[in-house]
Amino acid sequence: LHKMIAFCENISQCRRLMLARYLVDTSYTATKCDSMCDNCATNQSRKIIKMDIAEHIRTILKILSYLEERDEKVTLIQLQEIWRGAAKKKVEGLNFTTCPKEFPLSYRERILSLMIAKDILKEHFHFTPYNVVSYLKTGDKAWKFEGETKSLELEFEEEEERKKRKLNTKDKDKGKQKETKKQDTSKKPKIKELHEIPDEIEEISDDDIVEIDKTLENYKSKPVNNNGKN
C-alpha cells in the first residue's frame, strides 16, 4: 500500500519505468515511454520545485510526540491543521514552528503522505459500527530524523501551474463528454413523420363506429346499484 502511495505521489519519474522496476525489468528505459504516461507528457511544461522537507518532518514529529504523551488521538487532517497553526488549543504550551504561510494545502498533504509512505508516520485504524477512523502515530523510521543531519528532498509542482493544468484537464474532459453526448444523440432512432407511416394500417369503418355507439348506449342504460357500481 505504501509503495502504491509513493507511486501516485511521484510527479517526475516515468510511470512505466517505475512499473518496470517493480516487475524487475531492467531492460526498460524512460525513452521508450514516448510521453505516454502523465509524468512524461507534462514534464516539459511543469514547473517542479525541489525542497528539503527534513525540518518540516521534525516539526510534525514534535507535534505528534507531544500529543502521544498526553494520549491524544489525531487524524491526518487534524495534524496538518495543527501544523498550519489553526488548532493550537490541542497543543497549548508546545513551542513549534508552524508551516510557511505560502504553503498550499497540496504541499502539506504531500509531505504527510510521503511520511506515511516512508513509515515515518503510521496509521492506526479505529473501527466503529458505522465507519473506520485512521489516526496517526509515530512510525518505525521516525528515529532517523531525531538529529539535525538527516535531510530529505521532495518535489512539488508550482501551485499556480498545478491549478491551471487541472482546469485545462477538466475543460478537456467536459469537451469529451459533450462530444460523446452528441454522438449518442445522433445514434438514437428518429421518430417517424406522419407521411412515413405505412398505409397498411387498418382503418375503422362506419359500421364499427355504429357498434361502438350501441355498446356505450347499452352501458349507460343499465341501472346503478347503491354502491354506485353497475
Side-chain angles (χ1 to χ4, degrees), residues 1-13 15 18 22 38-39 46-167:
L1 179 61
H2 290 168
K3 284 181 179 179
M4 183 59 71
I5 293 171
F7 175 83
C8 296
E9 289 292 328
N10 194 313
I11 59 172
S12 60
Q13 271 191 301
R15 300 278 187 205
M18 286 189 279
Y22 178 76
D38 63 322
N39 283 349
R46 273 181 178 177
K47 288 183 180 178
I48 303 294
I49 304 165
K50 284 189 177 183
M51 192 186 302
D52 185 357
I53 61 166
E55 195 56 44
H56 299 310
I57 289 173
R58 281 188 274 272
T59 301
I60 291 165
L61 289 172
K62 184 179 180 180
I63 296 167
L64 194 55
S65 298
Y66 180 88
L67 293 169
E68 285 179 340
E69 285 171 9
R70 285 153 183 75
D71 202 26
E72 289 272 356
K73 292 178 180 178
V74 64
T75 64
L76 187 146
I77 294 171
Q78 289 170 339
L79 183 56
Q80 72 94 2
E81 282 297 303
I82 294 168
W83 180 35
R84 187 168 70 90
K88 282 191 173 181
K89 284 186 179 179
K90 264 188 165 293
V91 287
E92 202 169 353
L94 177 67
N95 183 27
F96 68 95
T97 306
T98 57
C99 74
K101 288 183 178 180
E102 66 272 13
F103 256 34
L105 176 62
S106 61
Y107 284 23
R108 299 195 298 271
E109 288 179 340
R110 191 162 166 71
I111 290 171
L112 288 165
S113 296
L114 180 81
M115 289 175 73
I116 293 170
K118 288 192 172 290
D119 205 18
I120 301 165
L121 298 177
K122 65 180 177 183
E123 292 178 287
H124 176 73
F125 296 100
H126 178 69
F127 299 90
T128 73
Y130 308 101
N131 60 4
V132 180
V133 183
S134 170
Y135 295 110
L136 293 180
K137 291 193 172 186
T138 305
D140 295 334
K141 294 182 181 176
W143 62 270
K144 291 184 177 182
F145 292 87
E146 287 176 359
E148 299 293 322
T149 56
K150 179 69 176 175
S151 63
L152 180 63
E153 271 197 347
L154 183 60
E155 294 176 330
F156 299 91
E157 185 177 1
E158 203 277 325
E159 185 63 9
E160 289 302 315
E161 290 295 322
R162 187 186 73 85
K163 285 180 179 177
K164 282 180 187 176
R165 189 169 55 81
K166 277 203 166 186
L167 283 171

**Q.** Glu55 side chain near Glu148 side chain, heavy-atom distance below 4.5 Å
**A.** yes

Q: Output yes when a side-chain donor or acceptor of Asn39 lies under 3.5 Å from a complementary backbone atom of Arg15, and no otherwise.
A: no

**Q.** Note, Pro100 side chain near His56 side chain (heavy atom, < 4.5 Å)
**A.** yes

(Q) Any non-hydrogen side-chain atom of Leu114 less than 4.5 Å from a side-chain atom of Leu152? (A) yes

Q) What residue pairs, at least two apart or across chains, pass salt bridge (charged side-chain N to carboxylate O under 4.0 Å, His left out) with a residue in residues 102-121? A) Glu9-Arg110

Q) Please walk me through it: do Gln78 and Leu136 pass side chain to side chain contact (heavy atoms under 4.5 Å, CB included)? A) CA-CA 10 Å; Gln78 289 170 339; Leu136 293 180; over 6 Å; no

(Q) When you compare the side chain of Ile111 with that of Gln80, does any pair of heavy atoms fall below 4.5 Å? (A) no

Q) Roughly how far, to the nearest 0.5 Å, is CD of Glu146 from CZ of Arg58? A) 10.5 Å

**Q.** Flag side-chain contact, heavy atom, 4.5 Å: Tyr66 against Arg70
**A.** yes

Q) How are the rings of Phe127 and Phe125 set to each other: parallel, tilted or perpendicular (split at 30° and 60°)? A) tilted

Q | Interatomic distance, Met115 atom CE to Ile57 atom CD1 [nearest 0.5 angstrom] | A | 5.5 Å

(Q) Has Asp140 got a side-chain atom pairing as donor or acceptor with Ala142's backbone, closer than 3.5 angstrom? (A) no

Q: Calculate, to the nearest 0.5 Å, the distance between atoms CG and NZ belonging to Leu67 and Lys62 respectively.
A: 12.5 Å

Q: Decide yes or no for Trp83 and Leu64: does some side-chain heavy atom of the first lie under 4.5 Å from some side-chain heavy atom of the second?
A: no

Q.
With a 4.5 Å cut-off on side-chain heavy atoms, are Ile120 and Ile60 touching?
A. no

Q) Which residues pass the salt bridge (charged side-chain N to carboxylate O under 4.0 Å, His left out) test with Lys90, sequence neighbours left out? A) Glu72

